[in-house]
Amino acid sequence: MIIRAEEPRDYAAITDVNIRAFDHRLSEALIVVLQRQRPGFDPDLAPVAEIDGRIVGNAVFCPQQLRLLGEDVSGVLLAPIAVDPDYQRHGIGKALIEHGHRVAREKGFALAMLVGHTEYYPQFGYEMNVYGASSVTVTREAVKASPPLVTRRPRWEDLDVLHTLWRHEENAVDFALIPDYTLMSWLSPNPLIECTVYLRDERIVGYTRISSAEPASPRVFLAADADAAHAMCAHVLEAIEPPVDHLTLPLHPQSATSAVFPGAECRAWGAAMALPLAPSPFDAFLPRLRAGLIPPGRVQWATIFDVE
């Protein structure tokens, strides 16, 4: 078996491996395609396993900047990893993972992270329950009357403001994934998910990412201030039919808008794991988390994962 970096000639075979490995669905194959469009993508961190000239497995360790204890940390996100069903249980996945870890260390990444099987990944040193999901319920009665905001879809010229808005909202949230400086970070490939910017006096003061399947539960909610947060909630509530009496916002206790809508609860997942590859703030984060001194981190997944 040969483990090597992927090449363009492998793309079709990699797509087929992912389709076969994930019960003949397209989601993971599309995620691989979209990962390649990210500015940090590195073929060296997308190894394939080859046997007798046939691609039988691949993994994508995509570079990802994230926040930990107030610092930007360079990590890699393992998503996805696939092995052809005809070749599973022969150590191919393990070989791909160990190869990816080694290359990531050589390239200076401090951390690897993933969502995976709790009986498989800890063998590589992954720590479980380090991040998860967080939310707060905001009732219709709690939303204060505010002047309405103008809305539209994100544009390329919005990128600087959107990144500033993200830093305002998410900078203190551990494991918050820093968006790439691309328009793809702010628009979803899924036609059922609407991405919206909110403007007050022609200035962007908010952003949401909302699935029509869950209109009362935004996937991302970024607000510049309290007035914007209330006006955004009012806008979202007004658009939902039939009417609902509350929203579930994806706020973390350390989100800036938690000062406006307090009470966010964070729930870590056993499958939400991280592996230290080099010294980083994670070394201080983990013991503080285990001691109950800080809440788990919270991840809001990039738009490329909206294909699922």
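Numbering starts at 1 and runs along the sequence shown. Quick note: numbers below take in every heavy atom, side chains included, and nothing from hydrogens, waters or symmetry partners.
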Please lay out, stage by stage, how Ile51 and Tyr87 fare under the test side chain to side chain contact (heavy atoms under 4.5 Å, CB included). CA-CA 10 Å; Ile51 296 177; Tyr87 291 83; 3.8 Å; yes

Should Arg298 and Asp174 count as an ion pair when the cut-off is N to O under 4.0 Å? no

For Asp10 and Glu7, indicate whether the former's side chain and the latter's backbone hold a donor-acceptor pair under 3.5 Å. yes

For residues Glu169 and Thr257, is any side-chain donor paired with an opposing acceptor at under 3.5 Å? yes

Does the pair Asp158/Arg153 count as a salt bridge with the N-to-O cut at 4.0 Å? no

Does this structure show an ion pair linking Arg54 with Asp16, if we count only N-O contacts that are shorter than 4.0 Å? no

Are any side-chain N or O atoms of Ser134 and backbone N or O atoms of Glu265, one a donor and one an acceptor, separated by less than 3.5 Å? yes

Centre of Tyr11's six-membered ring, under 6.0 Å away, within 45 degrees of the axis: is that where NZ or CZ of Arg36 sits? yes

If you apply the rule ring pair (Phe, Tyr, Trp, His ring centres under 6.0 Å), what do you find for Tyr126 with His101, and how did you get there? CA-CA 11 Å; Tyr126 279 90; His101 290 164; 5.4 Å; yes

Taking 4.0 angstrom as the limit, do Asp84 and Arg20 come out as a salt bridge? yes

No-hydrogen, no-angle side-chain donor-acceptor test under 3.5 Å, Arg38 and Gln64: yes

Salt bridge check, Arg25 against Glu28: does any charged N sit closer than 4.0 Å to a carboxylate O? yes

Residue from His230, His168, Arg200 passing side-chain contact (heavy atoms from CB on, under 4.5 Å) with Asp225: Arg200

Has Glu238 got more than 12 heavy atoms of other residues, nucleotides or ligands less than 6.0 Å from its CD? no

Do side-chain atoms of Arg152 reach the backbone of Thr196 as a donor and acceptor pair under 3.5 angstrom? no

How long is the span from the CG atom in Asp160 to the OH atom in Tyr181, to the nearest 0.5 Å? 3.0 Å

Angle between ring planes, Phe124 versus Tyr121, binned at 30° and 60°: parallel, tilted or perpendicular? tilted

Taking atom types as modelled, is there a side-chain donor on Ser258 or Ser255 under 3.5 Å from an acceptor on the other? no

Tell me whether the rings of Phe175 and Phe282 are parallel (<30°), tilted (30 to 60°) or perpendicular (>60°). perpendicular

